[in-house]
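Inspection log for the structure reproduced underneath, given as structure tokens.
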2 protein chains.
Amino acid sequence: MILNNGGVGYKIPSETELSVSFSASRMTARKAVDEIVNKGLLKRIPSVGTFVEEPPAQSSLLEIKNISKEISARGHRHKMTVLSKMTLIPNDSVAQSLSSFNSKVFKIVIIHFENDIPIQLEERYVNADLVPNFLEQDFSKITANEYLSSVHPLTDAEIVIEAIMPTNILKHNLEIDEKTPCIKVSRSTMSNGYTISHAILYYPSNRYKLTSSIHLTR
Amino acid sequence: MILNNGGVGYKIPSETELSVSFSASRMTARKAVDEIVNKGLLKRIPSVGTFVEEPPAQSSLLEIKNISKEISARGHRHKMTVLSKMTLIPNDSVAQSLSSFNSKVFKIVIIHFENDIPIQLEERYVNADLVPNFLEQDFSKITANEYLSSVHPLTDAEIVIEAIMPTNILKHNLEIDEKTPCIKVSRSTMSNGYTISHAILYYPSNRYKLTSSIHLTR
DNA sequence: ACACTATACCGGTATATACAACGAAGGAAT
DNA sequence: ATTCCTTCGTTGTATATACCGGTATAGTGT
């Protein structure tokens, strides 16, 4: 069954109604709903109903953060500037990590600003076979991560975090001096076994800290 | 109910037996077991039984890594050296983050070695009320994190990751020069609402990268 | 001694039923 | 118009029951 009748906030049929329409017992219907609730896609409100939730964008810790929402949540302005777009024949190691031999790879470099202060340099490689229209997006309106998530739902990710000294490119674009280290986050995102994108994110350590919360209770 | 009859590998009573000894229905007993299974502490084997599992040490991503196991898994030797142990009256900000006003706080500084090369400096503050015997442990045999987990099961954690330039203390103890940045991981661990410990972990960036995998499929 | 079989036990699943707790909505009384 | 109360719908929880498919074990037959 597919619940595309309504988007976020839609109230799904009651457990009793579901059991009738599926010719199952209420307990069985409830169990099915339970699974979706545990995934975070539905939310129960006792005595009221069950509702479609916002997909847990940062579902897993060391969350796949949406930098745009994150900055907005702080009440600040987010701005993106595309430094370069290009199409590569994957010969170097980074491109090959996309496991897209014989095919093209898009590369894009973006700077993210918080209140006009540079806060992240994003260097992203995208599998051109799987996301053919990637470069045509308007990255002043939608982040690369958001667009990719909408095309291919994220199922797996691998993340490596390092501390590095800034290169000349980083110093210039992030407006930092040579004594300011940077956090380098390398993230491969996969969808159903295919590597969609490989992103390298650089943050100036004097303006940004990675944070994460873990709750095991549930 | 407490399942301390047996450790890892112990077979818990069957669902039928549980239902009898607790005067509940099998479905109710099963549901209770279900919750523990979902936490990863029990494992069902159909037609055989339900068994106590190894606690999921790196349950959540940006895992609470066990550096000893991590190094052993690479086939290397792990060694710890305690630099200092002390008992503080919490007046500075770090100690107060343990929310243990009016009580004492243990502080311990440990260096971790991988094949005799320093790889982590651990600066840890522990709530003395909740873990009174902390300083008496033999930290050449059990890591601070392991001991704390055994006393108070981890339920929540907050993590902040930064890139910093090394202080003189870091340069000396991690055997790095002043141009090598470090990853600084600040981690507060909580158990049932109480802050047990606050750890500050420093890694030399030329020898260590934080890694994490995320799998949403389950 | 070995191989095969029957049986009991176990988790996995589905169903029907009953009651509790709570919120929302509507009607009645003031 | 406001307040109170009743009723109904919904989730939350517990119980009893039945059946399935798998494993493990004891027993049987060769």
Side-chain angles (χ1 to χ4, degrees), chain A residues 1-60 155-156 192 213-218, chain B residues 1-60 153 155-156 190-193 215-218:
Chain A
M1 180 199 183
I2 303 173
L3 287 174
N4 43 11
N5 304 332
V8 173
Y10 173 73
K11 178 183 177 182
I12 71 169
S14 73
E15 296 174 354
T16 306
E17 288 170 353
L18 286 174
S19 68
V20 171
S21 58
F22 284 96
S23 301
S25 72
R26 188 194 144 207
M27 292 303 292
T28 306
R30 179 178 171 78
K31 189 183 175 186
V33 173
D34 262 334
E35 294 182 9
I36 309 178
V37 170
N38 284 334
K39 288 183 181 176
L41 298 176
L42 291 177
K43 180 179 183 178
R44 290 200 150 103
I45 299 180
S47 314
V48 180
T50 303
F51 302 85
V52 178
E53 273 281 279
E54 184 78 27
Q58 71 288 30
S59 52
S60 296
T155 58
D156 303 85
N192 298 317
S213 293
I214 296 175
H215 304 284
L216 294 185
T217 49
R218 263 192 186 258
Chain B
M1 180 200 183
I2 303 172
L3 288 175
N4 43 11
N5 303 332
V8 173
Y10 173 73
K11 178 183 175 182
I12 71 169
S14 74
E15 296 174 354
T16 306
E17 289 170 351
L18 286 175
S19 68
V20 171
S21 59
F22 285 95
S23 302
S25 71
R26 186 192 149 209
M27 291 303 291
T28 307
R30 179 178 171 78
K31 190 182 174 186
V33 174
D34 262 336
E35 293 182 9
I36 310 178
V37 171
N38 284 334
K39 288 182 181 178
L41 298 176
L42 292 178
K43 180 179 185 178
R44 290 194 213 265
I45 301 180
S47 314
V48 181
T50 303
F51 302 86
V52 177
E53 273 281 278
E54 184 78 27
Q58 70 289 31
S59 51
S60 295
T155 57
D156 303 86
M190 282 155 274
S191 181
N192 299 317
H215 305 283
L216 293 186
T217 47
R218 265 188 182 257

message = Can you see if the side chain of A:Arg30 gets near the phosphate of D:dG12 - specifically, an N or O under 4.0 Å from OP1 or OP2?
response = yes
query = A:Ser47 or B:Asp34: which one's nearest nucleotide on DNA chain C is closer to the 5' end?
reply = B:Asp34
request  = For B:Ser14, answer base if it contacts any base atom (sugar-phosphate contacts may also be present), sugar-phosphate if it contacts only those atoms, and nothing otherwise; contact means non-hydrogen atoms under 4.0 Å.
outcome  = sugar-phosphate
task = Quick one: list whatever passes side-chain hydrogen bond (donor to acceptor under 3.5 Å, both in side chains) with A:Arg44, sequence neighbours left out.
result = A:Glu15, A:Asp34
request  = Report the distance from atom CG of A:Leu18 to atom P of D:dG9, rounded to the nearest whole Å.
outcome  = 16 Å
message = Distance check needed: D:dG9 P versus A:Phe51 CZ, whole Å only.
response = 16 Å
query = Rounded to the nearest 0.5 Å, what separation is found between the CD1 atom of A:Ile36 and the OG1 atom of A:Thr50?
reply = 10.0 Å
Bounds of contact between DNA chain C and chain A, in 5' to 3' order, using a heavy-atom cut-off under 4.0 Å = C:dT13 to C:dG23
inquiry  = Using whole Å, what does the distance between atom C1' of nucleotide D:dG9 and atom CZ of A:Arg44 come to?
reply    = 15 Å
query = What do the steps show when you test B:Leu42 against B:Val52 for side-chain contact (heavy atoms from CB on, under 4.5 Å), and what is the final call?
reply = CA-CA 5 Å; B:Leu42 292 178; B:Val52 177; 3.9 Å; yes
message = Both A:Val48 and A:Ser25 contact DNA chain C. Taking the nearest nucleotide for each, which residue is further toward the 5' end?
response = A:Ser25
request  = Take A:Thr50 and A:Met27, find for each the nucleotide of DNA chain D with the closest heavy atom, and name the residue whose nucleotide sits nearer the 5' end.
outcome  = A:Thr50
note = Distance col, row A:Arg30:CZ vs A:Leu18:CG, nearest 0.5 angstrom, shows 12.0 Å
query = What pair of heavy atoms forms the shortest contact from A:Ala29 to A:Ser19, and how long is it?
reply = CB-N, 4.0 Å
query = Atom NZ of B:Lys31 and atom C1' of D:dA14: how far apart are they, to the nearest Å?
reply = 8 Å
ask   = Which atoms form the tightest heavy-atom contact between A:Val8 and A:Glu53, and what is the distance?
value = CG2-O, 4.0 Å
